Structure formats: structure tokens, C-alpha cells
Amino acid sequence: MSANCSGKTDKPDRLPSDTADIPPTEGIKYTGSKLRLLPYIIGEIRGLQVRDILDGFSGTTRVSQALSQLGYDVTANDISEWSEVFGNCYLLADKPDSFYQPMIDELNSLPGYDGWFTEHYGSDDPQGKMPFRLHNTRKLDAIRDRIDEYGLGFTDKSVLLTSLILAMDAVDNTLGHFAAYLSGWSARSCNTMKMRLPKRFRIKTANSVTREDVFDAVKVRHDLAYLDPPYGSNNEKMPPSRVRYASYYHIWKTIVLNDKPAVFGKANRRDDTHDKYASSVFEDFKKDSEGKSIAMQAIDKMIAETDSRYILLSYSSGGRAAKEELSEIISSRGRLVSAKEIDYRKNVMSSLSRTKEWLNDTGKHKEYLFLMEK
Ligand SMILES: C[S@@+](CC[C@H](N)C(=O)[O-])C[C@H]1O[C@@H](n2cnc3c(N)ncnc32)[C@H](O)[C@@H]1O
């Protein structure tokens with residue numbers, strides 16, 4: 001949604017109405033975030049004899065945050081640096097708010113300056129086409145450098161970085177990712193970014209946070225593995241390199257690392273999101289010589305190698321995954337306990353008595369949850 005600075009406000013992130021007993025979670029705008037699916041994911045897990053859970057592609061960590069609050073020991077794993085930071089903030093940091101608040105107050109009071117972020121991501125041009133207004137990138141430059149000067153350990157630093165990322169996410173000029181920026185300025189981009197204490201909860205469970213390739217993470221034994229892999233984009237016009245998670249959210253990685261990388265293209269993406277570097281195998285929708293999709297073979301291998309009694313697999317109809325192949329994988333790698341189809345726009349869930357049922361469905365906004373027992 002784009003508007004001038006005097007224009008209307010952007011839509012808030014809304015929860016569906018039946019989530020009263022779902023613990024509150026926090027996160028950035030994220031393609032594939034399972035915020036709206038939390039009631040269904042939790043509904044599948046409740047009632048199973050499970051205590052510790054791997055969230056193998058944790059992204060925003062919303063699923064991990066909810067599960068930890070419900071009493072499960074959670075391992076949040078994702079390949080991305082900023083997800084590791086969020087995991088540390090919500091699942092591991094156990095100092096009281098009073099430890100972080102004075103630093104957040106000081107960071108909010110810093111006068112901004114023109115640094116690396118302002119040079120690459122700030123503008124006041126009426127045309128927009130940049131992710132942030134200058135007054136916000138100037139603050140970002142000053143705050144990010146000051147955070148390093150505190151010399152904190154990684155977990156405490158993660159609380160401040162999470163706060164900073166949430167503050168910048170609230171004033172961006174995008175449609176939810178950083179592969180392209182809006183013309184003109186969204187209403188929210190005109191606001192002044194402000195860091196706030198992340199809404200952490202009291203940690204009562206034994207959590208861990210890892211930043212591993214999922215193929216390593218699934219080898220560790222858990223009672224249940226929740227697996228929500230990327231399924232690519234159904235936007236055929238987009239080259240795959242543009243729609244990878246690393247390309248979409250490059251800016252959060254740069255804020256975490258503060259490494260001032262070489263950038264390229266109109267969106268000033270980090271050089272390490274370039275086509276010349278290998279993407280996640282789950283985002284590779286090429287076929288091999290036998291006509292099988294490389295991504296589907298990766299899902300097959302992942303499920304085969306998962307050392308957990310239960311696997312809860314997410315699938316979204318918005319992706320390019322071949323349904324037939326996925327159906328075969330599910331039925332050949334274990335016992336299907338349940339298959340659920342969710343139309344979260346309508347807040348409707350139905351059980352599929354046989355996996356095959358979903359193959360003929362052409363609905364565009366369906367989410368599926370497959371619970372398997374190995
Ligand atoms: C669909 S999103 C997960 C969303 C998450 N469940 C949530 O609610 O926010 C897929 C995630 O997979 C991660 N990813 C991609 N390839 C990976 C790999 N090989 N190992 C671990 N994580 C990977 C991406 O960084 C991305 O966060």
C-alpha cells in the first residue's frame with residue numbers, strides 16, 4: 001500500500017478472532033509467516049505426547065515463541081542471521097527489562113548522522129523507490145554503531161537488534177520485502193522510527209537456537225519437528241534469485257552484521273544474494289534429468305533424515321511445489337496421522353480423509369498441515 005506522507009495509515013497485522021488462547025508473539029512482516037496459522041499448528045500438536053520440538057525453519061520465530069509459552073522445550077533453527085537474533089531475544093534472553101531499557105532510551109535519543117545505511121537505503125525524493133526516509137536511516141546509522149560500542153554478549157545484543165529491526169520494519173516503504181521499493185512514500189515510512197522493548201515472556205522451558213542448514217538440524221532427536229520450508233513464489237515473471245528469502249530480507253542481515261557489504265541492482269541488495277551464489281536447495285525449482293523437481297527431492301531427503309517421532313509439515317498453495325510429488329513423499333516416508341486444509345482468509349479448516357483429495361483443489365490461498373508419524 002503506497003501513499004503520500006499525509007495519506008492514510010497502513011493496515012495493521014491482524015489476528016483472526018478465534019485465537020484468544022494463542023499466546024501473543026512478535027515479528028516482522030515476513031512472506032510465509034505462520035502468524036495466522038498458529039491456532040491450527042498448535043491444534044495439531046496439542047494432545048500428542050511431545051515435550052521438545054524442533055522448529056526447523058523458524059523465520060520470524062513466531063511458532064517457536066508460541067510453543068515455548070505453551071510449555072514445550074523449543075529449538076528454533078533457521079539459516080538466516082536475523083532469525084537467530086530473534087530466537088535469542090525471545091527464547092534465550094532472560095535478563096529483566098530494566099537491563100535493556102536504559103540502553104533503548106539512550107539509543108532513541110541519539111542524533112542521527114549520514115552513514116552507510118543512509119547512503120544506500122535512505123531518501124527524501126518524492127519518487128520514493130527507496131526503503132526508508134532519510135530521518136530514519138540517519139537514526140539507524142547512529143543506533144547500529146552505538147549498539148556495537150556497548151560490547152554486549154550475543155544474546156543481550158540480540159534484544160537490542162530485535163528492537164531495532166522491529167522499529168525499522170514499522171517504517172518501511174515496501175510491500176513486505178526488500179527486493180523492490182514503492183514509488184512515493186507509504187504512510188508508515190513518514191513516521192519516526194522508535195525502538196521499544198521487545199515483548200518478551202518469562203522463559204520457563206529449555207530452549208535452544210541454532211543457525212544450521214536444516215539437514216543438520218533434523219539429525220538431532222526431538223519428539224516433533226515442525227518443518228515449514230520455502231516453496232518458492234508462484235510469480236512466474238520473477239527470476240528465482242529475486243524471490244529467495246535471502247534476497248527479500250537482505251537488509252535485516254546487514255543490520256545484524258553491520259558489515260557494510262558491496263551491493264548491487266536497483267534495490268541495493270547485498271552482493272551475497274547475487275545469482276552467482278548458490279541458493280537454498282528448497283528454492284531451486286529446476287528439474288533434474290529425470291524430470292523431478294530438485295526442491296521436492298530436498299524435501300524427501302529432509303523428511304527421510306528427520307530423527308523425530310512426529311513431523312508436522314507445512315505446505316502453501318501459493319508456492320510452485322509439485323503437489324503430486326509432495327503427496328508421494330508424505331505417503332512413502334511414514335504414517336499419515338492427519339491432513340488439514342486451511343483457508344485462513346475465511347478462517348475455515350477441513351480434514352482431508354485421504355492425502356490425494358487435495359491434489360485436485362485449485363484454491364489459491366490454501367495452507368496445508370500434514371502430521372506424520374515415523
Ligand atoms: C516459510 S519460511 C518460515 C516461516 C516461519 N515458519 C514463520 O512463521 O515465520 C522459510 C524459512 O526457511 C529458511 N531457510 C531456507 N533454506 C533453509 C535451510 N536450508 N535450512 C534452514 N533454514 C532455511 C528461510 O530463511 C526462511 O526463514
Side-chain angles (χ1 to χ4, degrees), residues 13 15 22-23 25-42 44-45 53-68 74-87 89-91 162 165-166 169 176-178 209-220 224-234 240-241 243-253 256 270 272-273 277-285 294-295 297-303 305-306 311-321 342 344 367-369:
D13 215 2
L15 282 167
I22 302 302
T25 61
E26 230 173 23
I28 55 163
K29 297 184 286 299
Y30 200 51
T31 301
S33 162
K34 294 300 176 286
L35 169 65
R36 291 182 178 82
L37 240 58
L38 282 175
Y40 309 103
I41 293 169
I42 288 164
E44 289 302 285
I45 296 175
I53 297 180
L54 168 69
D55 183 6
F57 300 86
S58 56
T60 58
T61 71
R62 282 187 186 270
V63 176
S64 293
Q65 291 174 45
L67 291 172
S68 174
V74 176
T75 298
N77 176 73
D78 197 283
I79 205 81
S80 69
E81 286 77 2
W82 70 268
S83 180
E84 183 184 27
V85 159
F86 272 54
C89 169
Y90 294 106
L91 302 175
T162 298
I165 290 173
L166 289 171
D169 180 61
H177 63 71
F178 293 81
V209 178
T210 53
R211 181 165 55 84
E212 292 177 350
D213 190 319
V214 75
F215 290 105
D216 296 320
V218 294
K219 286 183 184 133
V220 179
L224 183 143
Y226 171 60
L227 300 174
D228 181 21
Y231 286 104
S233 159
N234 59 359
S241 61
V243 295
R244 289 173 193 152
Y245 274 93
S247 300
Y248 266 11
Y249 302 103
H250 58 92
I251 194 128
W252 305 141
K253 175 172 177 177
V256 167
R270 297 175 60 89
D272 58 13
T273 66
Y277 298 105
S279 65
S280 165
V281 69
F282 298 97
E283 294 166 298
D284 188 341
F285 278 81
I294 292 170
Q297 286 178 51
I299 287 173
D300 190 23
K301 179 169 178 276
M302 171 180 73
I303 292 177
E305 292 180 359
T306 299
I311 296 175
L312 184 60
L313 180 71
S314 265
Y315 167 78
S316 164
S317 62
R320 284 189 202 168
I342 299 132
Y344 63 77
E367 297 278 340
Y368 296 88
L369 283 172

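These numbers come from a predicted model, not from an experiment. In listed order, ligands and their atoms are each counted from 1.
- Among the atoms of D78, some N or O lies under 3.5 angstrom from an N or O of ligand 1.
- Considering backbone and side-chain atoms alike, Y30 places an N or O below 3.5 Å from some N or O of ligand 1.
- A heavy-atom distance below 4.5 Å is not found between the side chains of Y30 and L35.
- A donor-acceptor contact shorter than 3.5 Å is absent between the side chain of K219 and the backbone of E305.
- With ring centers used as reference points, W252 lies 6.0 Å or more from F86.
- Closest to atom 8 (O) of ligand 1 among all protein heavy atoms lies K34 N, 2.8 Å.
- Taking a cut-off of under 4.0 Å to the non-hydrogen atoms of E212, the atoms of ligand 1 that pass are 20 (N), 21 (C).
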Between K34 and R62, is a side-chain contact (heavy atoms from CB on, under 4.5 Å) present by the stated rule, with each step listed?
-> CA-CA 7 Å; K34 294 300 176 286; R62 282 187 186 270; over 6 Å; no

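- Protein heavy atom closest to atom 10 (C) of ligand 1, with residue, atom name and distance, is D228 O, 3.4 Å.
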From CA spacing to verdict: side-chain contact (heavy atoms from CB on, under 4.5 Å), D55, L67 = CA-CA 9 Å; D55 183 6; L67 291 172; 5.6 Å; no

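- For the side-chain contact (heavy atoms from CB on, under 4.5 Å) test with E212, the passing option among N77, V218, D78 is N77; the others fail.
- Counting protein heavy atoms only, atom 7 (C) of ligand 1 is closest to T60 OG1, 3.4 Å.
- The protein atom (non-hydrogen) at minimum distance from atom 19 (N) of ligand 1 is D213 OD1, 3.4 Å.
- Two residues are said to be in side-chain contact when any heavy atoms from C-beta on lie closer than 4.5 Å; V281 and D213 fail this criterion.
- Counting heavy atoms closer than 4.0 Å to ligand 1, residue S83 contributes nothing at all.
- Considering each of F86, Y245, F57, the one bringing a non-hydrogen atom nearest atom 2 (S) of ligand 1 is Y245.
- Counting the atoms of ligand 1 from 1 in the order shown, those under 4.0 Å from a heavy atom of G59 are 9 (O), 27 (O).
- For a threshold of 3.5 Å applied to N or O pairs, the pair formed by L35 and ligand 1 contains no separation below that value.
- For the 3.5 Å distance criterion, the side chains of E283 and Y245 fail to qualify, holding no donor opposite an acceptor.
- When only non-hydrogen protein atoms are considered, atom 22 (N) of ligand 1 lies nearest to I79 N, 3.3 Å.
- For S64 and Y226, the side-chain atoms include no donor-acceptor pair closer than 3.5 Å.
- On a distance-only criterion, D55 and ligand 1 share no N/O pair closer than 3.5 Å.
- Residue S33 approaches ligand 1 through these ligand atoms, each under 4.0 Å from one of its heavy atoms: 7 (C), 8 (O), 9 (O).
- Some N or O of V214 is nearer than 3.5 Å to an N or O of ligand 1, by distance alone.
- Between S314 and L369 there is a side-chain heavy-atom pair separated by less than 4.5 Å.
- Residue contact check: S58 has heavy atoms under 4.0 Å from atoms 5 (C), 7 (C), 9 (O) of ligand 1.
- Side-chain atoms of T25 and Y90 form no donor-acceptor pair, as typed in the model, at a separation below 3.5 Å.
- For R62, no nitrogen or oxygen atom sits less than 3.5 Å from a nitrogen or oxygen atom of ligand 1, counting backbone and side chain alike.
- The proximity of E283 to ligand 1, defined as any non-hydrogen pair under 4.0 Å, does not occur for either the backbone or the side chain.
- Protein heavy atom closest to atom 16 (N) of ligand 1, with residue, atom name and distance, is S280 OG, 2.9 Å.
- In this structure, the side chain of T61 does not engage the main chain of S58 through any donor-acceptor pair within 3.5 Å.
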